[in-house]
Every structure is written in C-alpha cells, then in structure tokens.
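Notes to accompany the following structure.
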Amino acid sequence: MDTNTTSEAPARAGRREWIGLGVLALPTLLLSLDISVLNLALPHLSSDLGANATQQLWIMDIYGFMIAGFLITWGNLGDRIGRRKLLLFGAAAFGIASVLAAYASSPNTLIAARAVLGISGATLMPSLLALIGNMFHDPKQRGTAIGVWMSCFMGGMALGPVAGGALLDHFWWGSVFLLGVPVMALLLILGPLLLPEHRDPAAGKTDLLSVVLSLATILPIIYAAKRLATDGFAAATLLTLLAGVVIGVVFVQRQRKLASPLLDLRLFRNRTLSSALGVALLCSATMGGVTLLVSLYLQQVAGLSPLKAGLWLVPSFALAIIGNLAAPNLARRIRPAYAIAIGLLVTTVGLLLLTQADGEGGIALVVTGYAIAFAGTSPMGVLSTELVVGSAPPEKTGSAAAMSETNGEFGIAMGIAVLGSVGAAVYRGRMDDTMPADVPAGATDSARDSLSGASQAASDLPGATGDGLLSVAREAFTGGLHVVAVSAAVAMVAFAVLSVVVLRHVRPSAESEQQPDERDGETAGEPGGTAEPGTVGSATTQS
C-alpha cells in the first residue's frame with residue numbers, strides 16, 4: 001500500500017524578515033564596494049605613504065587572503081555562538097579597521113588595517129548568508145532573497161568605480177575606507193532590532209588546532225594560486241602549494257576524528273549540496289580567469305585607467321543583477337539544473353564574442369562579450385548558493401554558507417592561476433614568433449615577460465621601434481585572450497551538461513509535491529545526511 005508523507009509547508013517570511021534583508025544588504029553592498037574602490041585609491045595612497053611594489057601588492061592582496069582563510073572558522077563559530085552575534089561583532093571590527101585604514105600613516109600600518117578588514121569581513125559573509133537561510137524558510141522566498149543579496153553584491157562592484165572616483169576627486173585617499181563606518185554603525189543599531197538570532201544548541205567547543213590547520217591549508221593554496229599567474233611555475237610557489245595541500249590532508253583527517261569538527265565533512269554526503277558546490281567551483285574558476293584577462297585587456301591593451309575600465313564593466317554588473325533577480329523565477333518553472341545549463345550556454349556565446357576582439361579597437365566587443373558571459377553565470381551563482389544553504393540542516397547553515405563562500409574564493413584563485421598561466425604562455429609564444437628584429441636584446445626579455453613589461457620597454461625605445469613593439473605585444477596578449485576564451489567556452493558547455501547530470505533530481509520550486517526521484521540513501525536527521533530535497537530547498541516528499 002502506498003503511503004504519502006508530506007512535510008508541513010514552511011513558514012513564509014513577513015514584513016520583518018524583508019526589512020531585515022534590507023539591513024543585510026547594507027554590509028553586502030559595502031564589502032563588494034570596498035574591493036573595487038581600492039584599485040582607484042592605490043596610486044594615491046602609494047604616493048602619499050611611499051609604498052614600494054611589494055607593499056602595494058600586500059595592500060591589495062591581504063584583504064582577500066584573510067577573507068578566504070577565515071571563512072570556515074567564522075562560519076563554524078557563528079553556528080556555535082549565534083550568527084547575529086558574530087555579524088554584529090564583525091561589523092564593529094570592520095568599522096574600527098576602516099578608520100585605522102583611512103588614517104594609516106605608513107604602508108605597514110595600512111597592510112595591518114587591511115588584514116583586520118579581511119578578518120572581520122570574513123565574519124560578515126557567512127553570517128549574512130546563514131541569516132538569510134534562517135529567516136526565509138519558504139524555498140521560493142529564499143531563492144528571491146538570495147537573488148536580492150547577490151544583486152547587492154554586484155551593485156557594490158558597479159558603484160565602486162563611481163563612488164571611489166567621486167571621493168578621490170574631492171577628498172584624500174583615506175575617504176574610500178570611511179564609507180564603511182556609517183554602514184556598519186547602522187547595522188549595529190538595526191541588527192538587534194530586526195535580525196533573529198540562530199545557533200546550534202548542540203555545538204561543542206571550537207578545536208583551536210583545526211583553526212590553525214585550516215588557515216595553514218587555505219592561505220598557502222590561495223597565495224600560490226595567485227603567484228602562479230604572475231611568476232609561473234617557480235619552485236618556491238610550487239612548494240608553497242604542496243605545503244598547503246599536505247596540511248589540508250592532515251586537516252581533513254582530523255575533522256573525521258572529532259566529535260565536533262570545525263568543518264563537518266558529513267555535509268558533503270548530501271548529493272545536492274556537494275553537486276552544487278562542484279558546479280559552482282568549476283564555473284567560478286573559469287570566469288575568474290576570464291575576468292583577469294578582460295581587466296588586463298581594458299587597462300593594458302585599450303589603455304584605459306582603472307576608473308574608466310571599471311565604468312566600462314558596469315553593464316556587466318547591471319546584466320548580472322537582472323539575471324540574479326530572474327533566476328529564482330526561472331527555477332520555479334523548470335528544474336534548477338536546466339536553468340543553470342541555459343545560463344551557461346548564454347555564457348558560452350559571450351565568451352565566443354571575446355574571440356573576435358583585436359589588439360587595437362576591440363573594447364566594444366570585449367565589454368559586450370564579457371557582459372553576456374557574466375550575466376549567463378547568474379543562475380548558477382544564485383541557484384547553487386540557494387541549493388547549498390537550503391540543503392544543509394538549519395543548525396549548520398553557517399558552516400554551509402562558509403563552504404559556499406570559500407568555494408568561490410578557491411574557484412577564482414584556481415581560475416586566475418590556470419587560465420592566467422595559459423594566457424601568459426600564449427603571449428610568450430607569440431612574442432617569440434613576432435618580436436621585431438630592431439628591438440635591442442635588453443628590451444626583448446622584458447617585452448617577452450608580460451605586456452606591462454613590453455609597455456615599459458616600448459616607452460624607452462625610439463618612436464617607430466617602440467610603437468612596433470607595443471603593437472606586437474598587444475596582438476600577442478589578445479591572442480592569449482582568444483585562446484582562454486575558447487577554452488572557457490568549451491568548458492562552459494561541458495559544465496552545462498554536468499549540471500544537468502548531477503542536479504537533475506532537484507525539481508522546480510513551484511511544485512508543491514514531487515514524484516519519486518533518485519535518492520542517495522541518506523538518512524534524515526543526521527548532519528549532512530538530510531533527505532535529498534525534491535524541490536529547491538524543499539524537503540517535501542511523496543513515496
């Protein structure tokens with residue numbers, strides 16, 4: 001005899017939750033804006049503080065390193081002490097660090113302030129996403145809320161060049177950091193009033209050794225991935241990468257033995273969660289590499305300033321915002337796997353457009369192609385995030401959110417390392433084949449190393465010789481962009497097929513009931529063993 005088992009419909013969010021989402025949007029907007037404005041402020045602060053090349057690099061990179069390193073730790077801690085509490089603590093620390101950065105009197109002070117900004121920023125990101133998962137239980141509403149949240153992140157990226165440019169035109173470089181102070185002050189006032197508190201009442205103590213092992217795994221891997229794109233396969237970089245991987249193995253083994261691990265590996269037993277993370281990792285890696293080369297093209301081939309390059313990319317963020325808001329509606333009508341696949345095929349079209357740009361006047365094609373490609377990844381970004389958060393047990397949403405964010409950081413770093421290296425290899429090969437004969441031997445090595453090196457070498461050469469070298473270098477770089485774009489386009493088609501294969505069991509969120517689907521044999525109630533959702537974020541089943 002057939003037995004119907006249907007869980008109660010999840011409670012729908014009301015006005016308080018939607019206003020609370022508006023509160024969460026504020027730090028989200030700020031975090032992405034903080035990333036984009038520093039590119040504009042760097043020349044000003046470097047001049048005022050006397051930062052050398054190495055210090056400039058650390059001023060730029062330390063923020064991202066700290067965010068990537070501490071996401072898992074803070075996500076787990078939020079599950080233990082409360083996500084709202086951690087969010088408010090991070091907001092206070094971020095505000096204080098913003099003031100320290102704005103009034104830094106030396107490069108090292110600014111680097112330290114940026115490190116604190118990254119550490120505190122890592123408390124905000126998983127807390128924001130976990131609170132959305134706790135506030136919006138209805139899968140349709142949660143999908144919309146995550147779409148709005150991701151749109152705010154894109155909005156900050158789009159507003160960064162505009163806001164940063166306006167501030168730098170009227171104030172000193174430190175003003176770009178002060179944007180965070182009123183936002184975090186408002187969050188500290190409104191957060192306790194509008195945001196609920198959620199934590200895991202059964203959570204044990206934090207294992208400090210696991211925290212150390214986590215940092216010793218993530219930071220070397222992220223650092224090595226970034227250096228691979230610029231230094232190539234240098235011995236020191238490869239040793240750093242190997243060290244991170246080895247420590248990562250030790251970290252995983254320790255998590256398996258702990259009763260209360262820092263990273264609950266049982267979460268990966270959930271087929272939906274692990275599949276969504278895998279697809280998101282691959283797509284983030286691909287677009288991370290493409291984004292690097294597009295940014296370099298606009299600044300080094302087209303000769304745009306960071307401000308103008310940022311403004312040219314605003315259409316990309318605008319289209320992505322539209323895609324973020326449309327993705328949940330699309331997933332209500334068709335399976336999320338198909339929505340993701342359609343988006344990735346759109347991305348493929350945009351990537352192929354990049355292959356038509358040349359080394360002189362290809363700005364319009366590059367911007368158009370990148371905008372289409374970036375917008376096409378919107379369903380993947382929104383729906384994979386929703387699937388990860390919606391598939392985790394409520395007491396583990398902080399850890400799941402941290403996994404999603406760390407997954408994105410790893411993906412981007414991998415993409416920059418792999419596709420950046422591919423672009424650099426193509427550039428060097430073409431420079432070897434087309435290097436003008438009248439370029440002196442001393443300038444040849446510099447020109448062959450990178451496009452920026454070629455630009456510097458060209459500026460020291462006589463007019464016709466310098467112009468010829470620069471033209472050849474731009475064409476060589478554009479050739480690298482073409483190869484990367486084609487490789488990325490092929491990869492996106494493969495990822496579209498993969499998403500259909502691994503996520504086809506998840507049904508549209510508009511379906512209140514599901515027919516029997518493939519199961520993983522998971523056991524409901526166990527951490528990481530939640531019964532496989534039949535709809536996006538839904539546990540409704542019928543057998």
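In what follows, residues are counted from 1 in the order of the sequence shown.
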Donor-acceptor under 3.5 Å (S404 side chain, A400 main chain) | no

Could you give me the CA-CA distance, side-chain angles and deciding distance for M66 and L219, then say whether side-chain contact (heavy atoms from CB on, under 4.5 Å) is met?
-> CA-CA 8 Å; M66 293 297 103; L219 292 179; 4.1 Å; yes

Decide yes or no for L298 and L313: does some side-chain heavy atom of the first lie under 4.5 Å from some side-chain heavy atom of the second?
-> yes

Can you check whether L241 reaches I221 side chain to side chain, under 4.5 Å on heavy atoms?
-> yes

Do the side chains of V388 and E405 get nearer than 4.5 Å, heavy atoms only?
-> no

Can you tell me if H482 uses its side chain to pair, donor with acceptor, with the backbone of D358 under 3.5 Å?
-> no

Could you go through the side-chain contact (heavy atoms from CB on, under 4.5 Å) check for L293 and L419 one step at a time?
-> CA-CA 9 Å; L293 267 72; L419 294 182; 5.5 Å; no

OG1-CG distance between T286 and L281, expressed to the nearest 0.5 angstrom | 9.0 Å

I218 CD1 to I247 CD1 distance, which is reported to the nearest 0.5 Å = 11.5 Å

Quick one: does M154's side chain get under 4.5 Å of F374's, heavy atoms only?
-> yes

Using modelled atom types only, decide if a donor and an acceptor are shared between the side chain of T348 and the backbone of L344 within a distance under 3.5 Å.
-> yes

Indicate the ring-plane relationship of W173 and F177, choosing parallel, tilted or perpendicular according to the 30° and 60° boundaries.
-> perpendicular

Going through the distances and angles, do M184 and L124 end up as a side-chain contact (heavy atoms from CB on, under 4.5 Å)?
-> CA-CA 11 Å; M184 294 308 173; L124 300 175; 3.5 Å; yes

With no hydrogens and no angle check, do the side chains of T109 and Y103 hold a donor and an acceptor under 3.5 Å apart?
-> no

Do you know which of I119, L117, I111 makes side-chain contact (heavy atoms from CB on, under 4.5 Å) with Y63?
-> L117

Would you check if V116 and L100 make a side-chain contact, meaning some heavy-atom pair closer than 4.5 Å?
-> no

How long is the span from the CG atom in L273 to the CG atom in L387, to the nearest 0.5 Å?
-> 9.0 Å

Heavy-atom donor-acceptor pair, S378 side chain to A320 backbone, under 3.5 Å = yes

Atom pair CG (L179) and OG (S98), whose distance is rounded to the nearest 0.5 Å = 9.0 Å

Between V301 and L481, does a side-chain contact (heavy atoms from CB on, under 4.5 Å) hold up when you go through it step by step?
-> CA-CA 11 Å; V301 176; L481 174 62; over 6 Å; no

Heavy-atom side-chain contact between P379 and I342 under 4.5 Å = no

Could you tell me the separation between the OG1 atom of T406 and the CZ atom of F70, rounded to the nearest 0.5 Å?
-> 12.0 Å

So CE of M150 and SG of C152: to nearest 0.5 Å the spacing works out to 11.0 Å

Only residue of N324, T144, T28, T385 satisfying side-chain hydrogen bond (donor to acceptor under 3.5 Å, both in side chains) with W149 is T28

